[in-house]
Amino acid sequence: MNEFSLIERYFTHLTPKRPDVLLGIGDDAASLFVPSDMQLLVSTDTLVAGVHFLSEWEPYDIAYRAVMVNVSDIAAMGASPCWVLLALTIPDCNEVWLKKFAEGFQKACQQFNLALVGGDTTKGPLSMTLTIHGLAKQPICRSGAQVGDVIYVSGELGAAALGVSLLNSIEVDDADRCVMMSKLLHPSPRTDLGELLQAYATSAIDISDGLSADLNHICVKSSVGATVELDAVPVHRLVNKYQGVNAIEFAMKGGDDYELCFTIPAHDEPQFLLDLALKRLKCYRIGKITASGVLSARRMDGVEMPLKAEGYSHF
Ligand code: ADP
Ligand code: MG
């Protein structure tokens with residue numbers, strides 16, 4: 001099979017058809033309709049075998065997760081995902097692998113009415129770069145946090161990182177491993193919070209590198225500090241089970257959950273909580289934005305200490 005029949009067989013008709021795709025796969029460039037009252041958000045992420053995923057993983061999971069981590073970046077801007085490009089590098093034309101990869105890609109895109117509108121297919125060590133496009137009236141940036149804002153996270157933290165750390169451990173209950181691996185391989189980007197972010201958030205980020213590292217990005221960009229109430233951080237029950245006294249630290253450092261961290265003005269909090277309940281969603285208030293310029297953590301006994309912005313970094 002050559003490159004063109006491969007694209008035609010596995011990718012051309014893979015994802016939902018959208019009326020705003022004026023030209024999709026098959027030309028030199030895609031042409032996309034952007035409504036005049038919307039901003040176009042663009043983001044790209046590369047996933048390399050051996051770094052971001054293992055080549056032994058199910059191709060379905062590799063593709064599914066690749067879409068989800070890209071959707072998460074759009075969700076973190078309070079935007080809705082619309083279009084994606086896939087630059088795929090594969091070592092050979094393994095049709096069994098490609099079929100499963102395409103299935104995972106399709107399943108993930110369907111959930112967001114996300115259309116695959118182009119890409120590139122090359123031969124080489126397994127890796128992929130996705131470029132995702134989303135639309136928002138007004139994107140929520142990392143730089144908007146204000147002193148006095150309250151800090152929220154959208155879900156429990158640490159289970160995906162636990163899956164990574166216990167990948168080869170034999171001392172893990174099978175049912176627990178299943179939960180961790182599902183958090184790691186099938187993250188659910190929080191596009192469901194888009195409207196609430198649009199209405200209330202002053203800043204937002206997706207937690208891909210770990211809460212402390214990502215909250216630090218908000219602080220640096222916004223020129224503010226933050227105090228996190230350690231007992232308010234939602235730690236996944238399995239992190240408590242397997243990390244014991246280190247659970248909180250583990251949950252705050254661990255990336256890969258793709259929950260959101262965002263700030264809202266304190267005076268908007270009551271209305272925000274009403275709207276959140278109306279949507280049957282749950283978020284956790286974990287602290288406050290301060291004027292200190294640094295990150296700190298307050299223990300249950302009231303003692304405050306500096307919080308290191310630790311998380312994953314490639315270099
Ligand atoms: P060109 O030579 O102009 O770069 P290609 O031969 O690389 O074009 O690609 C042909 C068409 O197929 C283009 O529209 C391109 O966007 C699309 N395409 C190539 N690879 C993929 C892929 N992996 N997924 C989706 N679309 C792809
Ligand atoms: Mg090309």
Side-chain angles (χ1 to χ4, degrees), residues 37-39 41 72-80 134-157 188-235 248 251-252 257-307 309:
D37 59 342
M38 296 295 238
Q39 292 191 32
L41 288 305
S72 180
D73 283 319
I74 295 296
M77 304 298 290
S80 16
L135 295 172
K137 285 241 156 68
Q138 184 70 49
I140 313 300
C141 310
R142 297 177 179 186
S143 58
Q146 303 285 328
V147 175
D149 285 357
V150 285
I151 307 168
Y152 272 84
V153 295
S154 61
E156 292 174 347
L157 303 176
S188 304
R190 301 304 306 268
T191 51
D192 54 348
L193 285 167
E195 280 174 30
L196 286 173
L197 293 181
Q198 286 285 325
Y200 296 102
T202 50
S203 72
I205 191 167
D206 66 328
I207 307 177
S208 55
D209 296 332
L211 174 62
S212 32
D214 288 319
L215 177 56
N216 189 53
H217 290 314
I218 285 187
C219 289
V220 170
K221 286 276 177 192
S222 304
S223 307
V224 293
T227 301
V228 174
E229 306 291 341
L230 286 183
D231 61 325
V233 174
V235 177
I248 257 278
M252 291 186 63
D257 286 310
Y258 298 99
E259 292 293 344
L260 299 181
C261 174
F262 56 95
T263 55
I264 60 174
H267 60 82
D268 286 342
E269 195 179 20
Q271 192 59 44
F272 165 72
L273 290 172
L274 282 177
D275 277 359
L276 195 67
L278 272 178
K279 289 186 181 292
R280 298 181 186 285
L281 296 171
K282 190 170 180 193
C283 288
Y284 303 81
R285 175 207 231 258
I286 59 157
K288 273 204 155 189
I289 295 295
T290 67
S292 70
V294 293
L295 272 190
S296 67
R298 186 156 37 221
R299 292 199 315 225
M300 227 180 322
D301 58 13
V303 175
E304 205 165 313
M305 57 210 169
L307 182 64

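Hydrogens, waters and symmetry mates play no part in the numbers below; they use all other heavy atoms, side chains included.
Note that the CD1 atom of Ile248 and the CE atom of Met300 stand 9.0 Å from one another [nearest 0.5 Å]. Atoms CG and CG, from Asp192 and Leu281 in turn, are 5.0 Å apart once rounded to the nearest 0.5 Å. Distance check: Thr290 OG1 to Leu295 CG gives 8.5 Å after rounding to the nearest 0.5 Å. Distance CG/Leu41 to CD1/Ile140: 10.0 Å, rounded to 0.5 Å. With rounding to the nearest 0.5 Å, the separation of CZ in Arg142 from CE in Met77 is 8.5 Å.
Pairs passing the side chain to side chain donor-acceptor pair (under 3.5 Å) check and including a residue from residues 225-234, sequence neighbours excluded, read Thr227-Ser296, Glu229-Arg298. Sorted by first and then second residue, the salt bridge (Lys or Arg N to Asp or Glu O under 4.0 Å) pairs with a member in residues 214-228 form an empty list; sequence neighbours excluded.
Two residues are said to be in side-chain contact when any heavy atoms from C-beta on lie closer than 4.5 Å; Val228 and Leu307 meet this criterion. Side-chain contact between Ile264 and Glu269 is present, with heavy atoms from C-beta onward closer than 4.5 Å. Between Gln39 and Lys137, the closest side-chain pair of non-hydrogen atoms is not below 4.5 Å. Under the 4.5 Å side-chain criterion, counting only non-hydrogen atoms from C-beta, Leu276 is in contact with Leu193. Side-chain contact between Ile205 and Leu215 is absent, with no heavy-atom pair separated by less than 4.5 Å. Taking 4.5 Å as the limit, some side-chain heavy atom of Val233 sits within range of a side-chain heavy atom of Leu211. In this structure, Gln146 and Ile289 have side chains that are not in contact, with every pair of non-hydrogen atoms separated by 4.5 Å or more.
Closest heavy-atom contact between Ser203 and Gly144: CB-N, 3.9 Å. Annotation for Leu230 and Met305: closest pair CD1-CE, 3.7 Å, computed over non-hydrogen atoms. Cys219 and Gly225 make their closest contact through SG-C, 3.7 Å (heavy atoms, listed as atom of the first residue, atom of the second, distance). The minimum heavy-atom distance linking Pro234 with Gly155 is given by the pair CG-O, 3.4 Å. Listed here is the closest heavy atom pair of Ala75 and Leu197: O-CD1, 3.7 Å. Among all heavy-atom pairs drawn from Ile286 and Ala232, the shortest one is CG2-O, 3.7 Å.
The side-chain contact (heavy atoms from CB on, under 4.5 Å) test applied to Asp206 returns Ser72, Asp73, Ala76, Ser208, Tyr258, Leu260, not counting sequence neighbours. Among residues two or more places apart in sequence or in another chain, the side-chain contact (heavy atoms from CB on, under 4.5 Å) test is passed with Ser222 by Ala145, Ile218, Val224. For Glu195, the side-chain contact (heavy atoms from CB on, under 4.5 Å) criterion is met by Lys279, not counting sequence neighbours. For the ring-ring contact (aromatic ring centres under 6.0 Å, His included) test, residues two or more places apart in sequence or in another chain that qualify with Phe272 are Tyr152, Tyr200, Phe262.
Side chain of Gln198 to backbone of Gln138: a donor-acceptor contact under 3.5 angstrom is found. Between the Thr263 side chain and the Ile151 main chain, no donor and acceptor come within less than 3.5 Å of each other. Panel note: side chain Arg190, backbone Ser154; a donor-acceptor pair is recorded below 3.5 Å. Proximity of a side-chain donor or acceptor of Asp257 to a complementary backbone N or O of Glu259 within less than 3.5 Å is not detected.
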Given the rule in the side chain to side chain contact (heavy atoms under 4.5 Å, CB included) test, do Ser212 and Met252 qualify, once you have shown the distances and angles that lead to the verdict?
CA-CA 6 Å; Ser212 32; Met252 291 186 63; 4.2 Å; yes
